[in-house]
Amino acid sequence: MTSMVAGINQIIKKNGLPKQVLPEIFSRKDIFPDLHLLDGPLKVYRSQSSFDWRKLRLIVEDEESWKLRYKVWNFMENNPLFFRSHETLPLDVQRHQATKRVYTLYNEKFYGLEEYMERPDLSGKYSSAMISYDPNVSVKLSLAFGMFPNTIRTLGSDRTLDIVNENLNAENAGSFALTEIAHGSNARGMRTTATFEKETKTFVLNTPDFEAAKCWVGNLGKTCTHAIVYAQLYTPDGKCHGLNAFVVPIRDKKTLLAFPGVVVGDLGEKIALNGVDNGFVLFNNYKIPKDYMLSKTGDVDDAGNFISQFKDPKKRMGKSLGALSGGRVGICEIASTYGVKAITIATRYAAARQQFGPEDSNVEYPVIEYQAQQYRMLPHLAAVYAVQFFSTFIGKIYGDMTMKLLMGEDMATAGMEIHALSSVGKPICAWTVRDVIQECREACGGHGYLKCARLGDLRNENDANCTYEGENNILIQQGSNFLINTRAKGWSAFGEVSPLGSVDFLKNGEEIKKLKWSWTQTNVAMKPENLLTIFNWICVHLLERTYDKVKQLQASGQSQFDIRNNSQVFYAINLAKAYGHRSLFEVFYQKVQSLTPSPERDVLSKLLSLYGANVIVNNYIGTLYEGSFVEMGLNVCEILQSGILGILPILKLEAVTLVDAIAPPDFIINSPLGMSDGRIYDHLKSVIYQTPGTFERPEWWKDISYRDYIVKSNL
Ligand SMILES: Cc1cc2nc3c(=O)[nH]c(=O)nc-3n(C[C@H](O)[C@H](O)[C@H](O)COP(=O)(O)OP(=O)(O)OC[C@H]3O[C@@H](n4cnc5c(N)ncnc54)[C@H](O)[C@@H]3O)c2cc1C
């Protein structure tokens, strides 16, 4: 051994240190710009960082993901249609602009069917690239040319393939109409009807009243030609066969006028996402061909008989609405995209903005130097990394699963697990990012409140993530249902329902239940593997507690409906959230575990500890005592708090570089507070000075000087 080391030393002496072989992609200066050369207030932090942000960038996402992102971003930056403006445009102009951008991007075919077949997981990265520029474009495009044809492919038959082929060439544009004015989450209560007419071999669509109008449907307001419509199916014998999906022509392709029998309109201005024309529609004896029923889960023959391989209508509807799983997976990526932008803006601002300093000097400190500011930023930075790793993970397993399904593999068990995992993952990602953005907004002080800072828009855009594709509070119940139902079969059952590994650990529930907190030293308690043990125990404890509650309600004679509703607060909801938090932590943990020792691994490991400890301190300290995981008298809160306080000053030095690793280019950040050079005042001045009207006297100046609009009182 000694002689080998001596040999290596001799070679080094002769030839100098061996050159590190850097990935070729580092020469792409668009993806890996020379940030350390930028003069400005961030330089000092970049020079103190312990790791290579470029290497971390490739740990966060692989080369292909970054190449695809930059393909889209470079195209946008060089196309006048995508020029940036900070003005708020009239509603119609926003929609017009978003629509033109959709067709322009779709025309480029950056990521089509072929690419999807090769790397299905990149579909999330493609959407993310568009969302980070402007979510309106992505939402419209993915509804018109993603969700619409995909639903037809998944639920339809050969009879509807023409519509898919036309869609491929942008000859039609789709939308997805499930929600009604009076019913959203409760899909079974929907009242739009589709009645089969034997003589004409058509379905006749009807909307009984305004409360049954389909609403909130993206692209329906002004731009789509077709919609997937969910309606209660009636056969000629008067029997109702529950909710089924149909492809429904809405507007003439050439004139874009609605067909007779279709009353379609625009829902109006929203809190955000105003480039998307969300609309409503009512049908009045509107006939569509029999072939337009999406018949994979149920069909009607020419004689008017309903045929389905599913005996249980609930199961049929479950399969039919199962097409929505991909949407939830996609929302994790959307939330991640917003979180990355917000934390990039706020971190760079905190490192550039100076306020106060020691009393006896004129020096002012960047606000990131203050402990209070560090605690407001850094746990959120850690959370953004957690959301980012989780969204990449769930996007990958969902993509793999879709491919296997296409190959004819039975994915029923994985399908149920991903349904549960996405049902907790989507709410946790959306809520986490909601908190990230709000804190970032406040952390940027007054300038953070400017429209051009982008944080207000990000907050409002992410807001929709909490509601669409399953309202968070209702959706998350799917996760706890899955856990409770499996628990009822015994702990060992978890070994059989978890091919994706998200609940596999629960098969050891009995042993985990007996664990106790055994770490008195902060640095030991903060180790990721110990934090994972704590999360495991929390999940087991909350599951046992909720399961006991359910049994107690059963024993008191309550109905299934009441049991479910009366076991939510403090029980099932907490359980579902813990499953979500643990899943995010575990995915992050596995990512760190997969890395070889390096400065990048070290910094990620600290970030992981910060994320885990902070989630536990803010959500589960009471649970740890209540379930006797911790003995009374041991102050674990203080142990974890001191761990957090110890990490803050270390990560303060890494924060700017940590955001460099995940940040999109300045063209995409588009906020004077968050540009990569940190020259916040130069950028702020440009934006304010260049905004039309900044220096103009208002046209209504006379109403200040002369006030002749005030009617003199005769009294
Ligand atoms: C921006 C945006 C875009 C959208 N795009 C589309 C689209 O393209 N197509 C489409 O079909 N829909 C779309 N939607 C509609 C969306 O999917 C629904 O709003 C969502 O499913 C929630 O339904 P709801 O609004 O009827 O809420 P409700 O179901 O009425 O819920 C109202 C409140 O009651 C609570 N609640 C309801 N039931 C329970 C219960 N059992 N237990 C506890 N709490 C309960 C909920 O948590 C919620 O807080 C969109 C919505 C938005 C905001």
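Order of appearance sets the numbers: ligands from 1, and atoms from 1 within every ligand.
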To which protein heavy atom is atom 41 (N) of ligand 1 closest, and what is the distance rounded to 0.1 Å? N565 OD1, 4.2 Å
Would you please test K140 and D134 for salt bridge (charged side-chain N to carboxylate O under 4.0 Å, His left out) and show each step? CA-CA 11 Å; K140 279 184 71 63; D134 175 7; over 6 Å; no
Side chains of V281 and V263: does their closest heavy-atom pair fall under 4.5 Å? no
Sub-4.5 Å side-chain heavy-atom contact between I669 and P664: yes
Which of these, F145, Y111, Y126, sits in a ring pair (Phe, Tyr, Trp, His ring centres under 6.0 Å) with Y106? F145
for atom 26 (O) of ligand 1, nearest protein heavy atom and its distance come out as G184 CA, 2.9 Å
Nearest protein heavy-atom contact for atom 16 (C) of ligand 1: which residue, which atom, what distance? T179 OG1, 3.8 Å
Before we go on, tell me: are the rings of F246 and Y292 under 6.0 Å apart, centre to centre? no
What residue and heavy atom of the protein are closest to atom 43 (C) of ligand 1, and at what distance? Q477 NE2, 4.0 Å
Which atoms form the tightest heavy-atom contact between R459 and R441, and what is the distance? NH1-CG, 4.1 Å
In the protein, what heavy atom is nearest to atom 8 (O) of ligand 1, and what distance, to one decimal place, separates them? G218 N, 3.1 Å
For atom 14 (N) of ligand 1, the protein heavy atom that lies nearest, with its residue and separation: W216 CB, 3.4 Å
Going by heavy-atom distance to atom 19 (O) of ligand 1, choose the closest among D463, L220, N219, T467. T467
Under 4.0 angstrom from atom 34 (O) of ligand 1, is there any protein heavy atom? no
Could you see which bit of L178 sits under 4.0 Å from ligand 1, with heavy atoms only: side chain, backbone, both or neither? both
Can you confirm, on distance only, whether ligand 1 has an N/O atom lying under 3.5 Å from any N/O atom belonging to F176? yes
Look at atom 29 (O) of ligand 1 and say which protein heavy atom is nearest, naming residue and atom and giving the distance to 0.1 Å. S185 OG, 2.5 Å
Can you tell which of Y230, F561, Y468 gets a heavy atom nearest to atom 2 (C) of ligand 1? Y468
Pick, from H183, E471, E180, the option with the minimum heavy-atom distance to atom 48 (C) of ligand 1. E471
Does any non-hydrogen side-chain atom of Y286 lie less than 4.5 Å from one of V204? no
